[in-house]
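Quick note: residue numbers are just sequence positions, from 1. All heavy atoms count here, side chains included; hydrogens, waters and symmetry mates do not.
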Amino acid sequence: QRQRNLTKLNQTWHDVLKTLADSSRRREEAQKEAEDAKLQRRELQEREPLMQVEKKVLSDQLKEAQKKCAETQFYLDEAHHQQSHKLP
């Protein structure tokens, strides 16, 4: 009986220590994930001004390309219109 009680007590201590180790490991993993998330957020915040500049540049380039496209379409329409009047 005494031996069985000691075995149970030993097993209980083993389980408690394992639970503590698992909890400690999970806490360390959660802290690392939180630190990684903070680092990612900081990197994104640092890149945001540059991304805003890039967005403005791309927006300006798009407007310029659309303007050239509209001009080209106008000249094509004019040429087509003139060509259609020249045909008998």
Side-chain angles (χ1 to χ4, degrees):
Q1 177 70 25
R2 186 166 190 258
Q3 184 61 38
R4 201 170 31 209
N5 285 345
L6 286 175
T7 302
K8 282 183 183 178
L9 184 60
N10 191 27
Q11 182 61 46
T12 301
W13 270 112
H14 177 75
D15 292 347
V16 166
L17 292 175
K18 185 177 183 315
T19 301
L20 284 173
D22 289 347
S23 295
S24 178
R25 181 182 44 79
R26 282 196 299 270
R27 186 182 73 238
E28 288 172 5
E29 290 172 355
Q31 285 174 336
K32 181 165 178 7
E33 287 177 13
E35 289 169 10
D36 289 347
K38 284 181 187 176
L39 184 61
Q40 280 184 326
R41 187 179 71 217
R42 189 176 312 125
E43 289 172 353
L44 285 172
Q45 287 172 340
E46 289 171 359
R47 286 200 326 241
E48 187 179 1
L50 179 60
M51 292 171 72
Q52 291 294 332
V53 169
E54 290 175 355
K55 180 180 173 185
K56 172 82 168 90
V57 168
L58 290 172
S59 177
D60 291 348
Q61 288 175 346
L62 175 62
K63 287 176 187 171
E64 189 62 31
Q66 288 171 330
K67 182 178 166 186
K68 287 181 181 178
C69 185
E71 289 173 1
T72 302
Q73 187 63 50
F74 173 79
Y75 291 126
L76 284 172
D77 290 347
E78 280 295 308
H80 180 73
H81 181 70
Q82 289 177 4
Q83 190 69 23
S84 64
H85 283 298
K86 288 182 182 177
L87 292 175

Taken to the nearest 0.5 Å, the spacing of T19 OG1 from H14 NE2 works out to 9.5 Å
Any side-chain donor near an acceptor of the partner, D77 and Q73, under 3.5 Å
yes
Output for pair (D60 CG, E64 CD), nearest 0.5 Å, gives 9.0 Å
Separation between SG (C69) and NZ (K67), nearest 0.5 Å, reads 13.5 Å
The reported gap from CG in D36 to NZ in K38 (rounded to nearest 0.5 angstrom) is 11.0 Å
Between the NZ atom in K55 and the CE atom in M51, the distance rounded to the nearest 0.5 Å is 9.5 Å
Could you tell me if the side chain of R47 sits less than 4.5 Å from the side chain of L50, heavy atoms only? no
_E29 with R25: basic N within carboxylate O range, under 4.0 Å_ = yes
dist Q1:CD -> N5:CG (nearest 0.5 Å) comes out at 5.0 Å
* Asked: When you measure from the side chain of S24 to the backbone N and O of L20, does any donor-acceptor pair fall under 3.5 Å?
  -> no
